[in-house]
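Shown next, in structure tokens, is the structure this report addresses.
Because the structure is predicted, anything quoted here is derived from the model rather than measured.
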Amino acid sequence: MTKADLVDKVTALGDLTRRDGEVIVDTLFDAVIGALKTGDKIEIRGFGSFRTRQRNARTGRNPKTGAKVDVPAKRVPFFKPSKELRDSVNPNGAVKSKPIAKKVDKEHIDPHHPPAM
């Protein structure tokens with residue numbers, strides 16, 4: 001979903017113009033961004049919470065040249081979904097998938113891709 005799709009959904013909820021929907025969505029985003037800039041935490045019950053996390057300074061590498069690059073410490077936005085949101089996305093609970101065991105046909109072994117030992 002894009003921001004334009006979200007504006008369309010808000011506009012469709014009531015007797016609003018598209019401009020009114022844009023103002024509502026922009027105001028919500030500006031409020032979240034403004035709170036994160038000042039270090040506040042935003043908690044929306046039933047949806048989740050937004051906050052910032054501190055990343056320490058580190059030494060990285062330029063992928064093109066391989067040269068070492070100092071990456072400064074910074075704050076990054078972080079979203080933690082609520083239990084209700086997680087449950088609505090996974091209605092049957094989070095089920096971990098089991099790795100599928102490969103069946104090896106002993107009569108036909110591909111010489112270019114031998115089975116793992």
Side-chain angles (χ1 to χ4, degrees):
M1 175 179 277
T2 64
K3 185 176 175 182
D5 295 335
L6 188 58
V7 168
D8 290 339
K9 287 233 182 228
V10 169
T11 305
L13 289 175
D15 190 22
L16 300 171
T17 64
R18 179 157 177 84
R19 179 70 188 132
D20 291 340
E22 288 175 359
V23 168
I24 291 169
V25 171
D26 286 339
T27 303
L28 177 66
F29 288 160
D30 290 343
V32 170
I33 292 168
L36 291 176
K37 279 183 179 178
T38 61
D40 289 340
K41 178 180 174 184
I42 300 106
E43 185 175 324
I44 303 169
R45 303 255 180 217
F47 183 70
S49 61
F50 296 90
R51 62 188 174 117
T52 57
R53 285 192 171 172
Q54 183 68 33
R55 284 210 183 143
N56 295 327
R58 62 185 174 85
T59 302
R61 290 195 175 269
N62 181 334
K64 198 170 194 177
T65 64
K68 290 184 178 184
V69 178
D70 289 329
V71 180
K74 59 185 167 184
R75 293 183 322 166
V76 293
F78 177 75
F79 174 72
K80 180 179 178 183
S82 69
K83 183 177 183 318
E84 292 88 2
L85 178 59
R86 280 183 278 137
D87 291 345
S88 68
V89 172
N90 296 304
N92 297 330
V95 179
K96 291 186 177 180
S97 61
K98 294 181 181 177
I100 299 172
K102 291 186 178 181
K103 183 178 167 184
V104 178
D105 183 8
K106 293 183 180 183
E107 293 177 9
H108 173 34
I109 297 177
D110 184 0
H112 299 289
H113 300 94
M117 299 290 169

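If you chain together hydrophobic residues whose side chains sit under 4.5 Å apart, L36 and F47 fall into the same group. Under the 4.5 Å side-chain heavy-atom criterion for ILVMFWY residues, a single connected hydrophobic cluster contains both V89 and F79. When the side chains of ILVMFWY residues are joined at heavy-atom separations under 4.5 Å, either directly or via intervening members, I24 and M1 end up in a single hydrophobic cluster. The hydrophobic cluster containing L16 also contains V7, counting ILVMFWY residues as joined when their side-chain heavy atoms lie under 4.5 angstrom apart, directly or transitively. Following chains of ILVMFWY side-chain contacts shorter than 4.5 Å, one cannot reach I42 starting from L28, and the two form parts of different hydrophobic clusters.
Taking CZ from R58 and CG from D70, the interatomic distance works out to 10.5 Å, rounded to the nearest 0.5 Å. K80 contributes atom NZ, which lies 7.0 Å from atom NZ of K41 (distance to the nearest 0.5 angstrom). Atom-to-atom distance recorded for I33:CD1 and T38:OG1 is 12.0 Å, nearest 0.5 angstrom. One finds the CZ atom of R75 at 10.5 Å from the NZ atom of K37 (value rounded to the nearest 0.5 Å). To the nearest 0.5 Å, atoms CG (L85) and CG (N90) are separated by 9.5 Å.
Between the side chain of R61 and the main chain of G66, a donor-acceptor pair closer than 3.5 Å is present. The backbone N or O of E43 sits nowhere less than 3.5 Å from a side-chain atom of S49 that would complete a donor-acceptor pair.
Nearest heavy atom pair, residue Q54 against residue A73, reads NE2-CB, 3.7 Å. N62 approaches V69 most closely through the heavy-atom pair N-CG2, 4.0 Å.
Between F29 and L6 there is a side-chain heavy-atom pair separated by less than 4.5 Å. Using a 4.5 Å cut-off on side-chain heavy atoms (C-beta onward), T11 and E22 make no contact.
With hydrogens and angles left out, the side-chain atoms of D30 and T27 include no donor and acceptor closer than 3.5 Å.
When the shell of 6.0 Å around CZ of R55 is examined, it contains 12 or fewer heavy atoms from other residues, nucleotides or ligands.
Every residue meeting the side-chain contact (heavy atoms from CB on, under 4.5 Å) condition with T2, not counting sequence neighbours, appears here in chain and number order: A4, D5.
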